[in-house]
Every structure is written in structure tokens, then in C-alpha cells.
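First the structure, in the form of C-alpha cells, and then the observations on it.
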Amino acid sequence: MTNSYAHPRQPAPRNRTAAPSLTDPVRYPSGAAAPVLTKRAFLLVLMTLLVPGSAQIVAGNRRLGRMALRVTLTVWVLAVLAAVLLAVSRPTLINLFTGPVSSLLLIIGLAALAIGWAALFINTLRLIRPVLLPPRVRPAVVGALVLAMILSSGSLGYAAYLLNVSRDAIGSIFSAGPTMEPSEGRYNFLMMGGDAGSDRTGRRPDSLSVISVDAKTGETAIISVPRNLQNAQFSEDSPMRTIYPDGYDCGNECLINAINTEVTNDHQDLYPGVPDPGAQATLEAVSGTLGITVQAYVLVDMDGFAKLIDAMGGIRIKAGGWVPISGETVDEANGIHGMPLGWIPAGDNTLDGYHALWYGRSREFVDDYARIARQQCVQQAMLKQLDPATLLAKFEDIVKAGTKVVDSNISAGQLGSFVDLAMKAKGQEMRRLTIGPPDFDASFSTVPDFDQIHQKVDALLGPAPAASADDGIRQQDAAPGPLSAAGGPPRTQPAPPPSDFTPVTTTPEGEPITEEMLNEFKRYGDEQSIRNLVATNGQCAPL
């Protein structure tokens, strides 16, 4: 018999917790209000930009998000370590970016991060579900996501590309040889500029200068050696001493800039395994002549030099006098050219590559020493104006131009140390010495006194003497006359040409000097008047 008093079945208790789709619009956006969906969309984009993987943690595949967050945290830790390394050992950090193996790993890592970040943004777009957004909001959200992807993933990809460009350039310019040690606390680099045309065997340098850098402070000095220096002395360890034990003294044709071609043509057997025997022999001749150890050379092809200047956006200089862009040579023996192709005026100039090249190489109407002074000025202008902003903005063009301009036996393994020294040298005053006027007599290069050269070089590279106020007054009052070949006390620190000179823009009578005036003198064969008007074109200062 059934119990009529049995309790009726009780309904199952209701779950008082609301469904996730109603309470978690970030993970379950269906049904959420339009303003909430809009905020959610922009929030997910921002999270992917600032903390890659966080959007997936809160709104998508948590496993994917955790993997991305681990990578993100690893990158942050590496960035902090890089910042610490920058503070305590900047050369080591630079070597990581320039080393062949480490730079390749960095390129692969950056490319992988760029691809992974882009994939996260695409996944974030799926999580946003644009179809749920108000139609007027969709373009703004998609635009914000694309912009964020370009800023993040695109920047990493471009950084990988630039690092690869830099890696290729370093491999083509610098050697894989052993590193070098400083000599008496300094690194000495021979800079040679010349043409390497198809009709030439070896590069006959038009300019020779030693850049000497203090290995600790970055203090820098430039020593310019005239290309017509005779009887150059080879260093004691030079193979060329077996042929020229008393110096390069085979006559008036044996100028120091001819060593490169002679060794390339006739004495390569003395330098087995050396990639460029002519450049190495020239380095040894400069070392012996100056009485210092020059450890490495940098060859600059002057025809490609213009490309490098253009890549920098030009250089800015103040010119002391007008400089001709010489026309065709009509009298080789006397160095007479036809009508100039143009003129670089006195005063403030911004020079593109073509005009900077001519400004540094022109010697018509003046002597080689005016040209040397202008070459030093161009070098200083390049160093001064190649600031980080210019380098970053024009990095690719500068690097690509450099591979066509520069060759060197500097070890790629030491680039970190040398870049660090260059950064230390930035802003420091650069001391200068010329083996010729204004530091020696004009005839000194024909019959050089090497003891005097060594004294001047030692004084230049030694510690700068402490100067008092009275010393400064006496130096200003003293006449800057050249040191004669017969003797005379060497200056302990040759002062660079003053930068406060007044460019010569008028004739002695006050008439403005113009290109038409100079060409008119040339047309009538009055070259002496031109010489008088452009005599100060060796004065130059970087702006």
C-alpha cells in the first residue's frame, strides 16, 4: 500500500552563481554591451603590445599565453642584463652585437621574436571578434592593432635586418685576424686615401694620416704625413729593410706614397700570406718615419668616399678661402689645369659627397699642405657630425656605402673596444701635427730630419703640459712660424688652426670675390691673382 503522506520530490536547488558568459565579458564577450566590447578590444591590443601573452592568459588559450609570458620575461631579463653590461663593460656588449657567431644568434632571435609577436597579434584579433563590435568602431580597433604590430613586431624585424646588414659589412671590411695590443698606451691607425681605378695596380695614396688614440681615455691626435715625403724609414721588423736599409732613397721618384705600388708590383714575395702587401709596407714606412708602432691601417677609396658623405647627409664646414673643382690637366709637369668645373666658396658650407671629395683633394693654386689641412678638417667634420641620431637615421645607407669605401686589417674581434674608444673621444679636442707647414718648413719633406720628427711626435702623444694663464698669453703673442729644417725648438703640443678665423670673401680693395671673377682671371691666364685670393683656403673648421 502506498504511503499517501510521502513527501513530494523537491526541485533541484538553483545555482545562484551566474553563468560565466554573463559575468566575464573579457573571456566570454557574447552578449556584452557595446561600450564594454570596445574597451575590451583596445585593452587586449594594449596588453599584447606591453606584455605579450597576457591577452591570451585572460581571454584565450592559457597554455599559449603562459609560453608567451615565459618568453617575454626572458627577454626582459636579458634586456636588464644588457643594460648592466652597458654600464660596466660597454665593449663586451658591443662585441656581442658585432661578433660573427653572437650577431647571427641575435639576428635569428630577433626574427623569431618578430614572427612570434606578430602571431600573438593575429591571435588577439581573433579573440577580439570584430563582428561583435559596433561597425563604426571596427576600423579603429583594427587600425590600432596593425599600428601596434608595426611598432613591436615590425621594429624587431627591422632591427634584425639592420643587424644583418651590419654583420655583412663587418665581415667584408674587417679581418678575422688576431687582436692587437696598445703600443705605449695608444692605438695607432694609418688612414690612407687614394684611388683604386681599373688602370692602377695597387692604391697609390693621395693622403696619409695616423689617428692615434689613448687606449684608456680616447684622447685622439692626428699626424698627417705628406705624400711627397722622401727617404721614408721602414720599421726595424719590415721586410723592406732588406732592400732599403737606409730608407726609401732611390731618388726623387721614391716618395712615400709610391711604396704601395712598388711593393704590389715587385715585392709581394716579401709578404707571404698578407692580403695587401702594399698597404702593409706603407704602414711599416709610416711607423719607422714617425718612430711609433702603427698597428693597423684603414684604406679609403676616394672615388667611393663621396657615397659615404652623401649617406651621412653631407658635412658642414667653415672654409677660409675659395677652393677650385679642377678641370682637365693641361700641363702635367707644372700641374696646370684647364678652366675649373666649379668653385667651393669661402664661408659656411654644407658639402655633399662630390664637393666634400673635391674640397679634400684639390690642390690647384696652393700647395699640398693646404690640402692636408682641409683633409684633416673633413675628417674632423665627419667624426663630429656622425652622431647617434645621424647614424640611426641613415644606418643602412652609411653601412652599405662603407663596404664600397673602406678596407682594413683591423680585427673584427676588437670592434667593441674601438667603438667604445670612439665614443669616449666624442667631444674631446683633437690635437694635430703635420710633417710640413705649419709645424715644419715647406722643404722639410724633401730632406727630413727624423730625430726632429720623433721629438715632435713624442711631444704630441705625451701628456699635455699644464698651462698657466701666462702661458696662454705668451702663446697668443708668439708668432706661429714653421720649424725650419735647420733646427729650432719643437713645440710640445702643436695648436690646431684656430676656428675663429675670418673667411676671405673680398679682394684687398673690398670687392666681393665671385666665381665669375676667379674664372675671368683664369681665362686670361692670371693665375697669380687667383693664388693671392685663394691663399687662405687651407683654413677650415668643422661646424
Quick check: do V323 and V534 have side-chain heavy atoms less than 4.5 Å from each other?
no
Exercise answer: donor-acceptor pairs, residues 340-349 side-chain atoms, under 3.5 Å, sequence neighbours excluded:
unit_1	atom_1	unit_2	atom_2	d
W343	NE1	N519	OD1	3.0
N349	ND2	P345	O	2.9
N349	ND2	G347	O	2.9

Checking Q455 against D451: is there a side-chain donor and acceptor pair closer than 3.5 Å?
no
With heavy-atom distances below 4.5 Å as the criterion, would you say the side chains of H267 and I243 are in contact?
yes
Which of these, L208, N257, T289, T446, sits in a side-chain contact (heavy atoms from CB on, under 4.5 Å) with L229?
T289
Closest non-hydrogen contact found for V378 with A356 is CG2-O, 4.5 Å
Just wondering, more than 12 heavy atoms not from F97 lying within 6.0 Å of its CZ?
no
Side-chain contact, heavy-atom cut-off 4.5 Å: F365 with Q528?
no
Would you check if T506 and E511 make a side-chain contact, meaning some heavy-atom pair closer than 4.5 Å?
no
For T293 and S183 the tightest heavy-atom approach is CB-OG, 3.5 Å
Residue pair C377 / I317: nearest heavy atoms and the distance that separates them:
SG-CG2, 4.1 Å
Return yes if a side-chain donor-acceptor contact under 3.5 Å exists between Y248 and E262, otherwise no.
yes
How far apart are the closest heavy atoms of E364 and S326, and which atoms are they?
OE1-OG, 2.7 Å
Qualifying disulfide bond (SG atoms under 2.5 Å apart) pairs with a residue from residues 206-264, counting only residues at least two apart or across chains:
C250-C254
Any donor and acceptor pair, going by atom type alone, linking the side chain of S238 with main-chain N or O of S235 inside 3.5 Å?
no
Side chains of E284 and Y271, heavy atoms from C-beta outward: is any pair under 4.5 Å?
yes
For the CD atom on E328, are there more than 12 heavy atoms of other groups (residues, nucleotides or ligands in this structure) within a distance under 6.0 Å?
no
Will you find, in the side chains of S212 and R186, an N or O donor that is under 3.5 Å from an N or O acceptor?
yes
Using only atom types and a distance under 3.5 Å, with no angle test, would you say the side chain of T264 pairs donor to acceptor with the backbone of N260?
yes
Axial cation check for F234 ring with R241, 6.0 Å and 45° limits:
no
May I have all residue pairs that pass salt bridge (charged side-chain N to carboxylate O under 4.0 Å, His left out) and include part of residues 524-536, sequence neighbours excluded?
K522-E527, E527-R531
Which heavy-atom pair separates Y369 from I435 by the least distance, and what is that distance?
CE2-O, 3.9 Å
4.5 Å side-chain heavy-atom contact, V210 and V286:
yes
Measure the CG-CG distance between D310 and L357 for me, rounded to the nearest 0.5 Å.
10.0 Å
Closest non-hydrogen atom pair, T282 against G278:
OG1-O, 2.9 Å
Any donor-acceptor N or O pair under 3.5 Å, side chains E181, Y187
no
Kindly determine whether I259 and I256 satisfy side chain to side chain contact (heavy atoms under 4.5 Å, CB included), including the steps that lead there.
CA-CA 6 Å; I259 293 173; I256 194 170; 4.1 Å; yes
